[in-house]
Amino acid sequence: MLEECDVCPRRCGVNRLAGERGKCHITNQVMVSSYGPHFGEEAPLVGRHGSGTIFFTYCNLCCIFCQNYTVSQLGEGTVVSREGLAKMMLDLQEEGCQNINLVSPTHVVPHILVALELAVSRGLHLPLVYNSGGYDSLEILKLLDGIVDIYMPDMKYSDDDIAEQLSGVKNYSEVNKAAIKEMHRQVGDLEIDNRGIAQRGLLIRHLVLPYGFAGTREVVRFLALEVSANTYLNVMAQYHPCYKAFDMPKLSRSIGQQEFSEAIELTQRRRLNRLEKSNPFLR
Ligand code: SF4
């Protein structure tokens, strides 16, 4: 896949093994910006000891409002070997983390699989979280069937023109919906044990954007009618302009309480009642 890269739906066709770079900017290396227990993730991922996050450098999306743009777009991070990546996973397990949370993994799935093989052979047994922007190909997801325990994709947009303008991809909605159906087919609705910790299933993130750019109405319709009304959903209110968002006047402000309330009302009308409660707007 890396020789004529089709690791993600962009299908750049570059030879990453020969050092060529596609839209995600990375060759045949893995770069990580940071790793450690993280307490800001969704409540069922955090528990008492945190979610064991590994933040991969670069991304297959080019969101102009990315809050982590220094990592996702500008390449902040250091190169790690497959051995090094496996050791990070084992270190997080040793620290008591509830899971291994792979943040922006899409463009480095082949490398993650090699590292996982090493880590599992050395005792890694935690649930594996695939935390992506939701622009994942079915071919890659099928490789992950039986390996990933918890899928946590974004549903960023319902409108492909907006997706192209804001994230630089042509067919986000179609790819995203197909990916989410496949993820749900593999792992089902989110299962939470009696300690409140997620063990398996699908968790969707949806960031509300100004002026309805995120297409919340269609996102919740799709989830309720085509995936499952029992979908665990985090409707996020924390949008604030950064990176190139200031170039676009309509993205140059945070969202208001009214916009967020409308998004929540849409989820409730569709009877999507498993909403993430750690959102400050919902308390
Ligand atoms: S993983 Fe990177 S190089 Fe490969 S198709 Fe996607 S954006 Fe292009």
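For Leu2, the side-chain contact (heavy atoms from CB on, under 4.5 Å) partners are Val7, Arg16, Leu17, Asn28, Pro110, His111, not counting sequence neighbours.
Cluster annotation: Val129 is connected to Ile192 through the hydrophobic network of ILVMFWY side chains, with a link wherever side-chain heavy atoms come within less than 4.5 Å. Cluster membership check: Val30 shares its hydrophobic cluster with Val148, using side-chain heavy-atom separations under 4.5 Å among Ile, Leu, Val, Met, Phe, Trp and Tyr. Transitive grouping of hydrophobic side chains (ILVMFWY, heavy atoms separated by less than 4.5 Å) brings Leu126 and Val187 into a common cluster. A single hydrophobic cluster is seen to contain both Leu223 and Ile264, as judged by linkage of ILVMFWY side chains at heavy-atom distances under 4.5 Å, directly or through other members. Hydrophobic clustering (ILVMFWY, side-chain heavy atoms < 4.5 Å, transitive): Val103 and Val32 are in distinct clusters.
In Arg217, the CZ atom is not crowded: 12 or fewer heavy atoms of neighbouring residues, nucleotides or ligands sit closer than 6.0 Å. The local environment of NZ in Lys23 is sparse, with at most 12 non-hydrogen atoms from other residues, nucleotides or ligands closer than 6.0 Å. The 12-atom threshold is not exceeded at CD of Glu4, counting heavy atoms of other residues, nucleotides or ligands nearer than 6.0 Å. With a 6.0 Å radius and a threshold of 12 heavy atoms from other residues, nucleotides or ligands, Glu174 has its CD atom at or below the threshold.
In this structure, Glu276 contributes its side chain and Ile204 its backbone to no donor-acceptor pair below 3.5 Å. Proximity of a side-chain donor or acceptor of Ser252 to a complementary backbone N or O of Met248 within less than 3.5 Å is detected. Judged purely by atom type and a 3.5 angstrom limit, Glu259 has no side-chain atom pairing as donor or acceptor with the backbone of Val208. The closest donor-acceptor contact from the side chain of His240 to the backbone of Gln238 lies under 3.5 Å. Between the side chain of Glu42 and the main chain of Leu233, no donor-acceptor pair closer than 3.5 Å is present. Checking side-chain atoms of Gln93 against main-chain N and O of Ile100 turns up no donor-acceptor pair under 3.5 Å. Asp193 places a side-chain N or O within donor-acceptor distance of the main-chain N or O of Arg195, the cut-off being under 3.5 Å. Distance alone, capped at 3.5 Å, places no donor-acceptor pair between the Glu76 side chain and the Ser33 backbone. With hydrogens and angles disregarded, no donor-acceptor distance shorter than 3.5 Å links the side chain of Asn68 to the backbone of Ser72. Judged by distance alone, the side chain of Ser158 and the main-chain N or O of Gly215 form a donor-acceptor pair under 3.5 Å.
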Could you give me the CA-CA distance, side-chain angles and deciding distance for Arg185 and Asp145, then say whether salt bridge (charged side-chain N to carboxylate O under 4.0 Å, His left out) is met?
CA-CA 10 Å; Arg185 185 196 69 74; Asp145 193 359; 3.1 Å; yes
May I have the step-by-step check of side chain to side chain contact (heavy atoms under 4.5 Å, CB included) for Asn234 and Arg274, ending in yes or no?
CA-CA 9 Å; Asn234 186 4; Arg274 291 184 82 194; over 6 Å; no
Please walk me through it: do Arg221 and Glu226 pass salt bridge (charged side-chain N to carboxylate O under 4.0 Å, His left out)?
CA-CA 8 Å; Arg221 185 209 64 78; Glu226 297 189 42; 2.8 Å; yes
Show the numbers, then the answer: is there a side chain to side chain contact (heavy atoms under 4.5 Å, CB included) between Lys156 and Asn176?
CA-CA 9 Å; Lys156 289 179 182 292; Asn176 181 239; over 6 Å; no
Stepwise side-chain hydrogen bond (donor to acceptor under 3.5 Å, both in side chains) check, Ser167 with Tyr157
CA-CA 10 Å; Ser167 292; Tyr157 317 101; 2.5 Å; yes
Go through the steps to decide whether Arg10 and Tyr135 satisfy the test side chain to side chain contact (heavy atoms under 4.5 Å, CB included), and finish with yes or no.
CA-CA 9 Å; Arg10 285 188 183 273; Tyr135 194 67; 3.9 Å; yes
Salt bridge (charged side-chain N to carboxylate O under 4.0 Å, His left out) between Glu265 and Arg270, worked out:
CA-CA 9 Å; Glu265 208 181 301; Arg270 287 292 181 186; over 6 Å; no
Evaluate the salt bridge (charged side-chain N to carboxylate O under 4.0 Å, His left out) criterion for residues Arg11 and Glu139: first the C-alpha distance (whole Å), next the side-chain angles of each, then the deciding distance (0.1 Å), finally the verdict.
CA-CA 12 Å; Arg11 300 186 191 285; Glu139 293 88 337; 3.2 Å; yes
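Taking 4.5 Å as the limit, some side-chain heavy atom of Asp91 sits within range of a side-chain heavy atom of Tyr35. When side chains are defined from C-beta on, Tyr130 does not count as touching Asp149, because their heavy atoms never get closer than 4.5 Å. Residues His25 and Met31 fail the side-chain proximity criterion, which asks for heavy atoms closer than 4.5 Å. Contact of the Leu85 side chain with the Met89 side chain is registered, since non-hydrogen atoms from C-beta on lie closer than 4.5 Å. Thr231 has its side chain out of reach of Leu203: every pair of non-hydrogen atoms, C-beta onward, lies at least 4.5 Å apart. With a 4.5 Å cut-off on side-chain heavy atoms, Glu20 and Thr27 do not count as touching.
The aromatic rings of Phe55 and His38 lie perpendicular to each other, with more than 60° between the two planes, well past the 30° mark.
Side-chain N/O atoms of Asp154 and Tyr172 include no donor and acceptor closer than 3.5 Å. With 3.5 Å as the limit, one finds a donor-acceptor pair spanning the side chains of Tyr151 and Gln186. With 3.5 Å as the limit, one finds no donor-acceptor pair spanning the side chains of Asn15 and Glu3. Side-chain contact annotation: Gln257 with Ser261, donor-acceptor N/O pair under 3.5 Å present.
Rounded to the nearest 0.5 Å, atoms OG (Ser228) and CG (Asp189) are 3.5 Å apart. In this structure, Cys63 SG and Lys244 NZ are separated by 11.5 Å, a value rounded to the nearest 0.5 Å. With rounding to the nearest 0.5 angstrom, the CG atom of Leu202 is 11.5 Å from the CD atom of Glu182. With rounding to the nearest 0.5 angstrom, the NZ atom of Lys87 is 13.5 Å from the CG atom of Leu118. Atom SG of residue Cys97 and atom CG of residue Leu45 lie 11.5 Å apart, to the nearest 0.5 angstrom. In this structure, CG on Asp160 lies 12.5 Å from CD on Gln165, to the nearest 0.5 angstrom.
Note on residues 50-60: pairs passing side chain to side chain donor-acceptor pair (under 3.5 Å), not counting sequence neighbours, are Ser51-Asn99, Ser51-Asn101.
Contact detail for Met155 and Ile180: the closest heavy-atom pair is CG-CD1, 3.2 Å. Gly133 and Leu61 get closest at one heavy-atom pair: O-CD1, 3.9 Å. The nearest pair of heavy atoms linking Asp136 to Pro9 is C-CG, 3.7 Å. Across every non-hydrogen atom of Ala263 and Thr216, the tightest pair is CB-CG2, 3.9 Å. Between Ser137 and Cys8, the shortest heavy-atom contact is CB-C, 4.5 Å. Here the closest non-hydrogen pair linking Thr267 and Val220 is CG2-CG1, 3.5 Å.
Each of Leu144, Leu116, Ile150 was compared with Leu128 under the side-chain contact (heavy atoms from CB on, under 4.5 Å) criterion, and only Leu116 meets it.
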